[in-house]
A.B. asks: 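Just dropping this structure here.
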Amino acid sequence: MSFPLLTATAALPAIGAIATAAVPAARRTAAKSLALLFSLGTLVLAAVVFLRFEPGGDRYQLTESRAWIADFGVRYELGVDGIGVALLGLTALLIPFVIVAAWHDADPLETKSTRWRPTQGFFALILMVEAMVILSFVATDVFLFYILFEAMLIPMYFLIGGFGDRAHAGTDESAATQRSYAAVKFLLYNLAGGLIMLAAVIGLYVVAGSFSLSEIAEARANGSLEMATSTERWLFLGFFFAFAVKAPLWPLHTWLPNAMGEATAPVAVLITAIVDKVGTFAMLRFCLGLFPEASKWATPVVITLALISIVYGALLAVGQRDIKRLIAYASISHFGFIILGIFAMTSQGQSGATLYMVNHGISTAALLLVAGFLITRRGSRLIADYGGVQKVAPVLAGTFLIGGLATLSLPGLAPFVSEFLVLVGTFSAYPVAGIIATSGIVLAALYVLVLYQRTMTGPVQESVRSMPDLRARELAVAVPLIAVLIFLGVFPKPLTEVVNPAVEHTMSDVQKKDPQPEVEAAK
């Protein structure tokens, strides 16, 4: 039996979580260092997975299959395709930066309401989320995926509710109340989606007799699986609802601004750059892969919801006074682009959507983490409390600007490539939708540049006059992320070569071909 590389990649952070939690309470630095070490080890294994993956090979590679719950046909089945390997790499890449950025976020506090913070538990929870997300990207058994889809909510709930942002205007009691509200809202929304998905998972097993993606695909190919149109549509809706909550898609998005606003900046990155990608990834793998006809049936409605997300999220971002909530609403707009690309049902759109998942993760991590460094220095999330920062902390302001420019998809930075492909793919199939989506680009430029102008330029406010610039640890977070944004902006080929064959498989699942350009005959 070959070495179970995918299992090892997911198991390493899980083992790291247990080891980190077991470190004595007094040895906080040792716990942080251990968590960082395990995250770097996971990154190495993810790099091996990426290098061993053959873009022109089988659809699912490095496969593993073992009996799990035999009486119910549940197996421990893993396999990675081009889309999964790209998102696995994104997760493994970002977690070390999240840990370094959060180095002091769980240090003990001496206040009336909080006398200690379990540092070890904080970093253990981050590693546990990483393990579950990685496993969800490579699970090819529907029931196994469902278990992971729901289980990752538990550590995220504690990260949001138990380790909130210290830059909170108000008393410790009011801050704790808002954190608790955000965590409960996050949990309830996602649990509701998960319960509906569970009913659909059971329905799928009743119809198909299996949870295995490969077995279902084989049965569909040889004609032994016949699914009534109404049944397929109901099952699609059950899966899609859960993924739309996680994504988040309007109008199921309202938990995200609360969760990101109350969480620390690194945990906010964990939410929007990593965990939420499970929702959009699952739309490609499960909605389009298992229910192709229902996916085409639902396309007009999904595209409409995606367009509303793009415009609505961007408009609310323009009017925000809170830095982190602004970035949260911007992410809602960006997820609208991703879902638009998926359901445009063109190869350019779906390739762009996959690249968008990766590039949005990196650009949002860069912007959010630098914003977190800024907020920690001033102790406020309100935009009005800043001004003139670029004069006292030019490196901080410069990295913040590059992260913002990536967020608005400036040419030369990675998100531009993915946004361009999504728009090209959408224009070719749905010209009106493509035109409406471009308004999101204009609004993105508005909210990013206004944010930079109000916080970084103008007269130096007295409260930021003594603000220090980025330190070595913070530069170690910001500089590599910016370097990756630039590299993938000018040379996206390493990702496109891996993603495009997987997109071709997805297009084959839904039996769609790219629209051919209309050329008038010469007179």
Side-chain angles (χ1 to χ4, degrees), residues 1-19 37-69 73-96 126-152 155 210-218 274-275 277-282 284-286 289-290 354 357-358 361 494-495 497-499 501-503 505-506:
M1 183 179 295
S2 60
F3 179 73
L5 183 57
L6 297 181
T7 295
T9 306
L12 189 61
I15 295 170
I18 297 171
L37 182 63
F38 272 97
S39 69
L40 291 172
T42 305
L43 178 58
V44 171
L45 288 180
V48 174
V49 171
F50 192 90
L51 293 174
R52 289 192 57 184
F53 183 82
E54 299 178 5
D58 295 337
R59 180 171 188 175
Y60 295 111
Q61 301 179 31
L62 305 174
T63 55
E64 304 173 33
S65 181
R66 297 174 181 82
W68 184 21
I69 310 175
V74 180
R75 298 185 62 82
Y76 176 79
E77 282 193 352
L78 306 181
V80 65
D81 63 356
I83 299 169
V85 78
L87 294 173
L88 185 153
L90 170 70
T91 303
L93 174 67
L94 291 184
I95 292 297
I126 291 175
L127 290 176
M128 189 57 68
V129 171
E130 178 182 23
M132 293 179 181
V133 170
I134 287 176
L135 207 53
S136 70
F137 288 141
V138 299
T140 55
D141 183 277
V142 178
F143 192 81
L144 173 62
F145 173 84
Y146 169 76
I147 294 297
L148 297 164
F149 187 83
E150 291 291 86
M152 69 179 67
S210 175
F211 291 115
S212 171
L213 288 179
S214 58
E215 291 181 3
I216 294 173
E218 183 179 353
I274 297 175
V275 172
K277 298 302 188 300
V278 176
T280 46
F281 162 79
L284 277 167
R285 172 166 286 187
F286 297 102
L290 293 174
T354 304
M357 293 185 224
V358 176
L495 279 181
E497 282 187 337
V498 169
V499 166
V503 167
H505 286 296
T506 305

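Quick caveat: nothing in here was measured; it's all calculated off a predicted structure. Computed from heavy atoms alone, side chains included, the values below leave out hydrogens, waters and symmetry copies. In this chain, numbering begins with 1 at the start of the sequence shown.
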A.B. asks: Which pairs with one or both residues in residues 47-59 pass salt bridge (charged side-chain N to carboxylate O under 4.0 Å, His left out), sequence neighbours excluded?
C.D. replies: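 Sorted pair list: R59-D509.
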A.B. asks: Side-chain donor-acceptor contacts of residues 132-140 below 3.5 Å, not counting sequence neighbours, with atom names and distances?
C.D. replies:
from	atom 1	to	atom 2	distance (Å)
S136	OG	V133	O	2.6
T140	OG1	E77	O	3.3

A.B. asks: Would you call I83 and F281 a side-chain contact if the rule is heavy atoms closer than 4.5 Å?
C.D. replies: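 Yes. Closest side-chain heavy atoms under 4.5 Å.
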A.B. asks: How close do M152 and V275 get, heavy atom to heavy atom, and via which atoms?
C.D. replies: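 For M152 versus V275, the nearest heavy atoms are SD-CG1, 3.9 Å.
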A.B. asks: Got a second to check how far W68's CH2 is from F143's CZ, nearest 0.5 Å?
C.D. replies: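 Here the rounded value is 6.5 Å.
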A.B. asks: Mind checking the CG-CD1 spacing from L127 to I18? Nearest 0.5 Å is all I need.
C.D. replies: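 So the CG of L127 and the CD1 of I18 are separated by 10.5 Å.
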A.B. asks: Show me the donor-acceptor pairs within less than 3.5 Å that the side chains of residues 37-51 make with the rest of the protein, sequence neighbours left out.
C.D. replies:
from	atom 1	to	atom 2	distance (Å)
S39	OG	L36	O	2.7
T42	OG1	F38	O	2.9

A.B. asks: Can a donor-acceptor pair be found between the side chains of S210 and S212 at a distance below 3.5 Å?
C.D. replies: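 No, S212 and S210 have no side-chain donor paired with an acceptor closer than 3.5 Å.
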A.B. asks: If you compare all heavy atoms of A86 against all heavy atoms of V499, which two are closest, and at what distance to 0.1 Å?
C.D. replies: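 Of all heavy-atom pairs spanning A86 and V499, the closest is CB-CG2, 4.3 Å.
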A.B. asks: Quick check for you: to the nearest 0.5 Å, what is the distance between I95 atom CD1 and E130 atom CD?
C.D. replies: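 The CD1 atom of I95 sits 4.5 Å away from the CD atom of E130.
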A.B. asks: Indicate yes or no: at least one non-hydrogen side-chain atom of L213 is less than 4.5 angstrom from one of L290.
C.D. replies: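 They are in contact (side-chain heavy atoms under 4.5 Å apart), so the answer is yes.
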A.B. asks: Checking T63 now: which residues fulfil side-chain hydrogen bond (donor to acceptor under 3.5 Å, both in side chains) with it, not counting sequence neighbours?
C.D. replies: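 If we apply the side-chain hydrogen bond (donor to acceptor under 3.5 Å, both in side chains) test to T63, skipping adjacent residues, there are no hits.
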A.B. asks: Under 3.5 Å, which donor-acceptor pairs link side chains of residues 5-14 to any protein atom two or more places apart or in another chain?
C.D. replies:
from	atom 1	to	atom 2	distance (Å)
T7	OG1	E64	OE1	2.4
T7	OG1	E64	OE2	3.4
T7	OG1	Y76	OH	2.7
T9	OG1	L5	O	2.8

A.B. asks: By side-chain hydrogen bond (donor to acceptor under 3.5 Å, both in side chains), which residues pair with D141, not counting sequence neighbours?
C.D. replies: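 D141 satisfies side-chain hydrogen bond (donor to acceptor under 3.5 Å, both in side chains) with no other residue.
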A.B. asks: With P501, which residues qualify under side chain to side chain contact (heavy atoms under 4.5 Å, CB included), at least two apart?
C.D. replies: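 Partners of P501 under the side chain to side chain contact (heavy atoms under 4.5 Å, CB included) test: P55.
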A.B. asks: Hey, could you give me each pair passing side-chain hydrogen bond (donor to acceptor under 3.5 Å, both in side chains) that has a residue in residues 81-96? Not counting sequence neighbours.
C.D. replies: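 Passing the test, one end in residues 81-96: D81-R285.
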A.B. asks: Tell me, please, which residues at least two apart from F145 pass ring pair (Phe, Tyr, Trp, His ring centres under 6.0 Å).
C.D. replies: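 Partners of F145 by the ring pair (Phe, Tyr, Trp, His ring centres under 6.0 Å) criterion, ordered by chain and then number, come out as F149, F286.
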